[in-house]
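Right, one structure below, let's go through it.
The basis for the numbers below is simple: all heavy atoms, side chains too, and nothing from hydrogens, waters or symmetry mates.
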Amino acid sequence: MKSLILLAALCLVAPAQAAEVAIEVHPKNLVKGERLTLGDIAEFKGFNAAETASLKSIALGNAPGYGEKRSYSNQALTEILRAHLKQLQASSGRRIKLLIPDVVSVEGTGQTLSLETLRKGLAENLQRVCEACEYKIEDLRIPPIPAFSPQSVWSLRADYHKLRGPFNVPIEIVSPVGEKSVYWMTGRLSVWKSVPVATRLLSLQDRLEPSDIKWEKRDITFLPDTTPEEAELAGAQVRVAVGPQQILQRSHLVRKKALNRGEPVTITTGSTGWQITLKGIAQDAGYLGDTVRVLNPDTKKIVTGIVVAQGQVEVK
């Protein structure tokens, strides 16, 4: 049964007209982390934001570990809180109700995986594949996943380059002793990107003019080929007929050889906000969009990248 303790009983005298506020401690609590605070086990009613933050931070000792249970008596918690509440009572002039069960149980729990946590993880992995793309994740579903040890490691295992439309992605959880659990996340994925679109009927062997192309954000989820960059389109020759409003793909254009084996190339690597540029030697001939090998003459190592411009290879 809950015991209501007025701070008047703790030798704290409050004006009769002062507004009444309360701290209510829950009888059963699930917590995680190394330290236990009052905010982990109680609710605060009638306090302002600063007072609430201060009360939540009151330390109650070490938190129970994963799977461990601990009990606190009404008397023990009251003794811990006495000095803190006396100070707050004196500064605010309000009477504070402290509502504590006879016994308060606290159980240490592990990590949990929410749908939003997994959605965020999936989106971050996809964005590394294509920074310029917008990924729309719909109908995301997961089975019940029990809490697991904070020392466990979870990951999503998928070939993100091929992830399109309906999908099943495994959620792998490895315990501290190496035991593996797998759960399946399902959903539907669409990919959107700003792509070149024909403004008129393009016939075989036409040379592209700026007016022949406009850029629009389109759904490219099931597009069978990659789309050319703007630099690839200037003066490019069309190798097949392309209808108006149709997305231009690299396979629609006569390919331009961008480098030959043995030629010097520029290697770039990096992401948003930073980039590293190196010199290298092409180990393969390649067209725009091809994957080629490049020798770094300083380290004598061979790296693999994508031909993104004349004499330029990007390494992800």
Side-chain angles (χ1 to χ4, degrees), residues 123-135 156-165 167 189 191-198 202 204-208 210 212-213 215 217-242 246-316:
E124 288 175 350
N125 286 326
L126 288 166
Q127 213 66 60
R128 294 189 186 101
V129 174
C130 177
E131 292 184 0
C133 296
E134 177 185 345
Y135 294 94
L156 299 175
R157 301 292 186 183
D159 184 347
Y160 296 101
H161 289 84
K162 297 179 180 179
L163 204 60
R164 296 289 187 274
F167 64 80
L189 177 70
V191 186
W192 295 71
K193 186 181 179 183
S194 181
V195 294
V197 177
L202 300 174
L204 179 65
Q205 297 185 340
D206 275 357
R207 290 280 181 183
L208 292 177
D212 294 333
I213 303 297
W215 291 83
K217 181 169 282 189
R218 291 282 190 91
D219 185 346
I220 62 167
T221 304
F222 298 109
L223 200 68
D225 191 14
T226 57
T227 56
E229 301 297 329
E230 191 169 1
E232 301 173 52
L233 296 173
Q237 189 176 26
V238 179
R239 62 183 294 271
V240 295
V242 179
Q246 187 175 345
I247 296 174
L248 267 173
Q249 302 171 51
R250 283 197 167 101
S251 59
H252 295 155
L253 306 177
V254 175
R255 302 182 77 190
K256 296 180 182 179
K257 185 172 284 189
L259 54 87
N260 293 300
R261 179 182 171 87
E263 286 184 346
V265 297
T266 300
I267 307 170
T268 60
T269 185
S271 61
T272 303
W274 66 274
Q275 190 175 68
I276 298 174
T277 302
L278 305 168
K279 295 297 183 182
I281 305 296
Q283 302 299 291
D284 304 298
Y287 295 88
L288 292 174
D290 281 353
T291 299
V292 297
R293 297 171 301 139
V294 180
L295 171 68
N296 183 332
D298 295 330
T299 63
K300 306 303 181 185
K301 291 184 177 180
I302 292 179
V303 296
T304 301
I306 297 174
V307 182
V308 294
Q310 192 74 31
Q312 184 172 329
V313 175
E314 182 177 3
V315 177
K316 293 290 187 180

Assess whether side chain to side chain contact (heavy atoms under 4.5 Å, CB included) is satisfied between Glu229 and Arg250, documenting all intermediate values. CA-CA 9 Å; Glu229 301 297 329; Arg250 283 197 167 101; 4.0 Å; yes
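- Residues Gln205 and Val238 are not in side-chain contact: their nearest non-hydrogen atoms beyond the backbone lie 4.5 Å or more apart.
- If you take CZ on Phe167 and CG on Leu189, they are separated by 6.0 Å, rounding to the nearest 0.5 Å.
- Within the 3.5 Å criterion, the main-chain N or O of Asn260 finds a donor-acceptor partner in the side chain of Glu263.
- No side-chain heavy atom of Leu248 sits under 4.5 Å from any side-chain heavy atom of Val197.
- With rounding to the nearest 0.5 angstrom, the CD atom of Gln237 is 8.5 Å from the CG atom of Asp206.
- Taken from CD in Gln283 to CG in Leu259, the straight-line distance is 11.0 Å, to the nearest 0.5 Å.
- Among all heavy-atom pairs drawn from Ala258 and Ala309, the shortest one is CB-O, 3.8 Å.
- Counting heavy atoms from C-beta outward, Thr227 and Ile247 have side chains that approach closer than 4.5 Å.
- When every heavy atom of Ile281 is checked against every heavy atom of Gly262, the shortest pair comes out as CG2-O, 3.7 Å.
- The side-chain heavy atoms of Thr268 and Val313, taken from C-beta on, include no pair separated by under 4.5 Å.
- Residues Cys130 and Val191 have side chains not in contact (no heavy-atom distance under 4.5 Å, counting atoms from C-beta outward).
- Ionic pairing of Asp290 and Arg255 is present here: one or more N-O contacts between side-chain nitrogen and carboxylate oxygen are shorter than 4.0 angstrom.
- Side-chain N or O atoms of Arg239 include one that pairs as donor or acceptor with a backbone N or O of Ser251 at under 3.5 Å.
- Using a distance-only test at 3.5 Å, with no hydrogens or angles considered, a donor-acceptor pair links the side chain of Arg207 to the main chain of Gly235.
- Closest of all the heavy-atom pairs between Ala282 and Val265 is CB-CG1, 3.9 Å.
- Side-chain atoms of Thr221 and Arg164 include no donor-acceptor pair closer than 3.5 Å.
- Residues Arg293 and Asp284 are paired through a salt bridge, judged by an N-O separation under 4.0 Å between the basic side chain and the carboxylate.
- At least one side-chain heavy atom of Leu202 sits under 4.5 Å from a side-chain heavy atom of Leu208.
- Atom OH in Tyr135 sits 11.5 Å away from atom OH in Tyr160 (nearest 0.5 Å).
- Of all the heavy atoms in Pro228 and Leu253, the pair that sits closest is CG-CD1, 4.0 Å.
- Nearest heavy atoms, Val307 versus Tyr287: CB-O, 3.4 Å.
- With respect to Lys193 and Glu134, no salt bridge is recorded, no charged nitrogen being found less than 4.0 Å from a carboxylate O.
- When all heavy atoms of Pro196 and Trp215 are compared, the pair lying nearest together is CD-CZ3, 3.4 Å.
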Before you tell me yes or no, could you show the steps for Thr226 and Gln249 under side chain to side chain contact (heavy atoms under 4.5 Å, CB included), namely the whole-Å CA-CA distance, both residues' side-chain angles and the distance that decides it to 0.1 Å? CA-CA 6 Å; Thr226 57; Gln249 302 171 51; over 6 Å; no
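- Rounding to the nearest 0.5 angstrom, the gap separating the NE2 atom in His161 from the CG atom in Leu126 is 10.5 Å.
- Listed for the Asn296 side chain is no donor-acceptor partner under 3.5 Å among the backbone atoms of Gly280.
- Formation of a donor-acceptor pair under 3.5 Å by the Lys300 side chain with backbone atoms of Pro297 is found in this model.
- If you take CD1 on Ile267 and NZ on Lys279, they are separated by 9.5 Å, rounding to the nearest 0.5 Å.
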